[in-house]
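Written below as structure tokens is the structure these notes are about.
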Number of protein chains: 2
Amino acid sequence: MENLIKSVPEPTLKRLPQYIHLLKKLKEDGIRQISSNTIANELNLDSIQVRKDLAVTGVVGKPKLGFDLEELYSALLHTLNWDNSTDAFLVGMGSLGSAILGYKTFPEYGLNIIAAFDNDEEKIGQSFAGTEVLSSDKLTDMIKRMHINIGVITVPANEAQKVAQQMIDGGIIAIWNYAPVHLKVPPEIIVVNAQLSQSLGVLTHKLAERLRYLNL
Amino acid sequence: MENLIKSVPEPTLKRLPQYIHLLKKLKEDGIRQISSNTIANELNLDSIQVRKDLAVTGVVGKPKLGFDLEELYSALLHTLNWDNSTDAFLVGMGSLGSAILGYKTFPEYGLNIIAAFDNDEEKIGQSFAGTEVLSSDKLTDMIKRMHINIGVITVPANEAQKVAQQMIDGGIIAIWNYAPVHLKVPPEIIVVNAQLSQSLGVLTHKLAERLRYLNL
DNA sequence: TAGATTGTTAATCGATTAACAATC
DNA sequence: TAGATTGTTAATCGATTAACAATC
């Protein structure tokens with residue numbers, strides 16, 4: 001019925017983790033209340049923008065006092081659905097895949113990788129970070145059986161589309177894609193790209209621009 | 001003198017790697033010419049947007065024929081400064097740092113990590129992916145001596161600000177930050193954040209939204 | 001109470017999309 | 001030539017920023 005809920009703008013969505021990281025630290029320091037202005041200063045943002053962003057959580061602040069830190073923190077976690085973690089499968093046990101699998105803090109970010117897959121005979125059967133690597137052949141079937149919703153793709157570019165299709169065949173809903181390729185998927189599938197090259201391009205371009213300017 | 005060059009919009013900058021990945025593949029397939037429409041279809045973009053994006057490279061297409069693939073590809077690489085690679089230092093040899101150091105393809109993306117640092121006695125002196133891990137004590141000095149411009153931060157959140165400062169003291173210009181914390185730096189320092197949590201938040205939020213909708 | 005800070009409504013800014021003349 | 005595709009100029013859209021009344 002309440003279908004008029006406006007979905008959170010993506011730029012806001014990308015800032016929410018920043019707020020969460022900051023608030024977590026302040027909470028550990030024993031702070032109880034915080035104003036949008038303080039947050040803005042810490043994160044180099046505009047305080048109006050901070051209030052707009054925080055408004056998506058539904059938390060209301062108190063004039064003169066600011067926001068209740070604990071309440072705001074919980075609400076931010078809830079907005080990203082980080083207050084409970086979703087099971088996920090990862091495919092591609094190269095260096096990046098292994099690193100992601102070894103990352104201890106993903107459950108804090110709502111993600112729980114419970115199985116890893118690869119098609120390299122040498123890797124299948126081995127254990128990484130306490131998780132046994134399974135054959136990619138079993139991927140579609142296991143997604144189906146275990147009702148997995150999230151798939152993480154860390155295979156090389158030329159295998160990524162095939163893996164995506166296997167995931168979709170199994171009924172996956174959301175794909176976190178690290179392979180440097182655009183995945184073609186049906187419109188109802190959520191794909192979030194996380195290629196390192198994306199932010200690296202911004203870095204190298206800006207650096208070159210800066211150096212060009214300095215040499216002028 | 002030509003100080004009126006408009007800098008490339010950040011959304012465009014983030015799409016350029018996509019074009020590069022696609023064009024690389026097409027080039028290997030032997031394609032010589034390509035239209036903005038074809039690119040748009042492959043990447044799920046609007047063809048007008050593709051033309052606007054490509055315009056930043058300065059390459060002009062031919063009506064009816066489209067763009068020369070080779071020329072466009074080189075120009076895109078050049079725009080991101082990926083046609084030559086910049087030396088960089090990496091600090092923090094945890095699982096993510098090791099994975100990044102082991103990544104073979106960074107030189108294709110304009111990045112050449114030539115040394116790694118850590119403050120863990122156990123790791124110092126060890127070799128990862130052919131690179132010896134050095135003590136963080138030497139970081140500032142070596143950046144100074146070798147005129148390093150890019151620093152990669154993969155240390156835990158509570159150490160990141162300190163490492164950033166050491167880099168800046170050494171004269172670093174650009175920081176690629178994987179630590180889940182906002183770095184406070186002087187305005188002339190370029191910081192590009194690459195926290196995995198950023199895109200993960202988008203994923204978990206959208207998935208939760210989708211599931212909520214399906215259950216309705 | 002006075003003043004700081006909130007949340008909302010309006011203005012600005014920049015990116016995306018549309019319209020269209022130029023041209024290979 | 002006719003038609004497809006380019007590049008540019010204008011319109012739209014959405015996010016950021018500004019202004020300000022409400023209130024603890």
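Just so you know, these numbers use all the heavy atoms, side chains as well, and skip hydrogens, waters and symmetry mates. In what follows, every chain begins at residue 1, and chains take the letters A, B, ... in the order their sequences are listed.
Side chains of A/D53 and A/Q49: a donor-acceptor N/O pair is absent below 3.5 angstrom, by distance only. Side chains of B/S7 and A/H205: no donor on one and acceptor on the other come within 3.5 Å.
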Quick one, give me the B/S/- string for nucleotides 18-24 of chain C, reading 5' to 3', where B means a protein heavy atom under 4.0 Å from the base and S means that only happens at the primed atoms, P, OP1 or OP2. B----BB

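Straight-line distance from the CG atom of B/L54 to the C1' atom of D/dG7: 12 Å, rounded to whole Å. Atom-to-atom, CD of A/Q49 to C1' of C/dT12 comes out at 14 Å; the value is rounded to the nearest Å. What separates CD of B/E10 from P of C/dA15 is a distance of 10 Å, to the nearest Å.
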Please tabulate, for the side chains in residues 41-48 of chain B, all donor-acceptor contacts under 3.5 angstrom to protein atoms that are two or more places apart in sequence or on a different chain.
{"unit_1": "B/E42", "atom_1": "OE1", "unit_2": "A/K184", "atom_2": "NZ", "d": "3.3"}
{"unit_1": "B/E42", "atom_1": "OE2", "unit_2": "A/K184", "atom_2": "NZ", "d": "3.3"}
{"unit_1": "B/D46", "atom_1": "OD1", "unit_2": "B/I48", "atom_2": "N", "d": "2.8"}

Could you give the side-chain donor-acceptor pairs of residues 103-116 of chain A under 3.5 Å, partners two or more places apart or in another chain?
{"unit_1": "A/K104", "atom_1": "NZ", "unit_2": "A/G102", "atom_2": "O", "d": "3.2"}
{"unit_1": "A/E108", "atom_1": "OE1", "unit_2": "A/K24", "atom_2": "NZ", "d": "3.4"}
{"unit_1": "A/N112", "atom_1": "ND2", "unit_2": "A/D87", "atom_2": "OD1", "d": "3.2"}

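Residues A/Y178 and A/I153 have side chains not in contact (no heavy-atom distance under 4.5 Å, counting atoms from C-beta outward). Side-chain contact between A/T57 and A/H78 is absent, with no heavy-atom pair separated by less than 4.5 Å. Side-chain contact check for B/I189 versus B/I173: every heavy-atom pair is 4.5 Å or farther apart.
A 6.0 Å sphere centred on NE2 of B/H21 holds more than 12 heavy atoms belonging to other residues, nucleotides or ligands.
Every residue two or more places apart in sequence or in another chain that forms a side-chain contact (heavy atoms from CB on, under 4.5 Å) with B/D141 is listed here: B/R145.
Near DNA chain D, meaning a heavy atom under 4.0 Å away, the residues from residues 67-77 of chain B are B/F67.
The pair A/K27-A/E70 counts as a salt bridge, with a side-chain nitrogen and a carboxylate oxygen less than 4.0 angstrom apart.
Within the helix from C/dG3-D/dC24 to C/dC24-D/dG3, the inter-axis angle between the opening and closing five-pair segments is 10°, rounded to 10°.
Between C/dT5 and A/S36, no contact under 4.0 Å exists linking OP1 or OP2 to a side-chain N or O.
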